[in-house]
Amino acid sequence: LGRYESISLKQARDRVFELKGLLARGENPAEAKRARATMPTFKEFADEQYLPHARATVRRPDVIESRLRTGALPYFGSRPLDSITRRDVTLFMNHMKEKTSATTANHHFILVKRMMNLALQWEVISKTPCAGVKKFKEPSGRDRYLSKDEVNRFLEATYACPNPVAASLF
């Protein structure tokens with residue numbers, strides 16, 4: 001528990017109560033301590049395991065790296081992977097929505113969820129904190145209008161079209 005000078009009687013009793021709870025559940029406190037010491041931080045997991053995997057499997061790894069750099073790494077970076085809770089993920093999403101938009105916050109959440117699911121699959125963590133977290137409702141789309149340059153290029157393309165019926169349709 002510690003040296004008697006550095007821990008109060010109340011702290012010692014609380015710690016004993018906590019350790020007895022672990023033992024009652026069939027857990028070994030020494031193994032739990034060892035597991036905490038070897039648990040990677042969010043940043044370590046991202047750098048050493050997730051990003052190499054993403055670079056090999058994702059079409060645009062630069063987008064993944066950018067999202068990590070601007071969102072999840074500053075927020076979760078130094079936290080041990082198994083200490084991140086569902087509440088932390090929800091707070092992260094709210095934080096991202098305040099900074100950006102609901103759609104962008106959802107994109108960041110999808111990345112964190114993918115990372116946590118892989119950490120679970122690779123047996124780095126025993127449960128994912130993203131389970132049960134819902135994405136924000138996103139707007140149904142946006143109206144976009146062509147610029148003058150785009151209209152001119154479009155019209156030039158219709159004039160050059162070999163099929164005059166299709167060109168007149170547009």
Side-chain angles (χ1 to χ4, degrees), residues 31-170:
E31 283 180 19
K33 184 177 181 179
R34 212 174 6 264
R36 276 193 307 275
T38 61
M39 180 59 59
T41 64
F42 187 88
K43 181 175 179 5
E44 290 168 347
F45 179 77
D47 291 342
E48 297 166 11
Q49 296 183 49
Y50 179 71
L51 283 175
H53 170 74
R55 287 183 191 114
T57 59
V58 176
R59 204 172 353 142
R60 296 280 315 269
D62 56 318
V63 173
I64 301 291
E65 291 175 26
S66 173
R67 282 198 187 126
L68 276 173
R69 191 176 54 255
T70 59
L73 284 179
Y75 198 86
F76 294 121
S78 62
R79 302 263 313 266
L81 214 53
D82 65 345
S83 74
I84 298 171
T85 64
R86 187 176 298 146
R87 182 175 187 278
D88 296 330
V89 173
T90 303
L91 291 173
F92 167 67
M93 288 181 64
N94 292 334
H95 170 75
M96 291 307 298
K97 185 179 177 186
E98 288 174 13
K99 281 177 48 177
T100 58
S101 68
T103 303
T104 303
N106 285 344
H107 290 177
H108 283 271
F109 168 66
I110 290 166
L111 173 60
V112 171
K113 185 175 183 176
R114 176 71 178 141
M115 285 180 65
M116 291 300 188
N117 285 340
L118 283 174
L120 178 66
Q121 181 182 336
W122 295 338
E123 298 176 348
V124 177
I125 56 176
S126 59
K127 63 180 182 160
T128 175
C130 297
V133 177
K134 300 216 183 297
K135 294 191 292 185
F136 291 117
K137 183 174 171 140
E138 297 181 17
S140 60
R142 66 180 190 188
D143 293 331
R144 183 183 178 292
Y145 301 97
L146 297 177
S147 69
K148 286 184 180 183
D149 182 50
E150 290 172 322
V151 170
N152 290 333
R153 288 193 333 240
F154 178 76
L155 290 174
E156 288 173 16
T158 59
Y159 297 142
C161 181
N163 184 345
V165 176
S168 65
L169 174 69
F170 291 109

Under a 4.5 Å cut-off applied to non-hydrogen side-chain atoms, are Asp82 and Ser126 in contact? no
Taking every non-hydrogen atom, the tightest pair across Arg114 and Tyr50: CG-OH, 3.9 Å
Side chains of Leu111 and His107: does their closest heavy-atom pair fall under 4.5 Å? no
Checking Lys97, Lys134, Lys137, Glu138 against Asn106 for side-chain hydrogen bond (donor to acceptor under 3.5 Å, both in side chains), the one that qualifies is Glu138
Within the 4.5 Å heavy-atom criterion, are Thr104 and Lys99 side-chain neighbours or not? no
For the residue pair Pro52 and Ala46, what are the closest heavy atoms and their distance? CD-O, 4.2 Å
How long is the straight-line distance from CZ of Phe136 back to OG1 of Thr103, given to the nearest 0.5 Å? 10.5 Å
Mind running side-chain contact (heavy atoms from CB on, under 4.5 Å) on Val112 and Cys130 for me, showing each step along the way? CA-CA 8 Å; Val112 171; Cys130 297; 4.0 Å; yes
Go through the steps to decide whether Phe92 and Ile84 satisfy the test side-chain contact (heavy atoms from CB on, under 4.5 Å), and finish with yes or no. CA-CA 11 Å; Phe92 167 67; Ile84 298 171; over 6 Å; no
Is there a side-chain contact between Arg144 and Glu150, using heavy atoms and a 4.5 Å cut-off? yes
Between the CG atom in Asp47 and the CG atom in Leu73, the distance rounded to the nearest 0.5 Å is 6.5 Å
Interatomic spacing from CD in Glu65 to CZ in Arg55 - rounded to 0.5 Å: 4.5 Å
Could you tell me if Asp88 and Thr85 have a donor-acceptor pair between their side chains, going purely by distance under 3.5 Å? yes
Closest heavy-atom contact between Val89 and Phe76? CA-CZ, 4.2 Å
Using 0.5 Å steps for rounding, measure from the CZ atom of Arg153 to the CG atom of Leu146. 9.0 Å
Sub-4.5 Å side-chain heavy-atom contact between Phe109 and Thr90: no
Identify the two heavy atoms, one from Pro61 and one from Ala54, that lie closest to each other, and give their separation to 0.1 Å. CB-O, 4.2 Å
Is any side-chain heavy atom of Ile125 closer than 4.5 Å to a side-chain heavy atom of Met39? yes
Could you measure the distance from the OG1 atom of Thr100 to the NE2 atom of His95? Nearest 0.5 Å is fine. 9.0 Å
Here the gap from Glu48 atom CD to Thr41 atom OG1, rounded to the nearest 0.5 Å, amounts to 7.5 Å
Does any non-hydrogen side-chain atom of Val151 lie less than 4.5 Å from one of Leu155? yes
Is the ring pair His53/Trp122 parallel, tilted or perpendicular, if the boundaries are 30 and 60 degrees? perpendicular
Do Phe42 and Met116 touch side chain to side chain, with heavy atoms closer than 4.5 Å? yes
Are the side chain of Ser168 and the backbone of Pro164 linked by a donor-acceptor contact shorter than 3.5 Å? yes
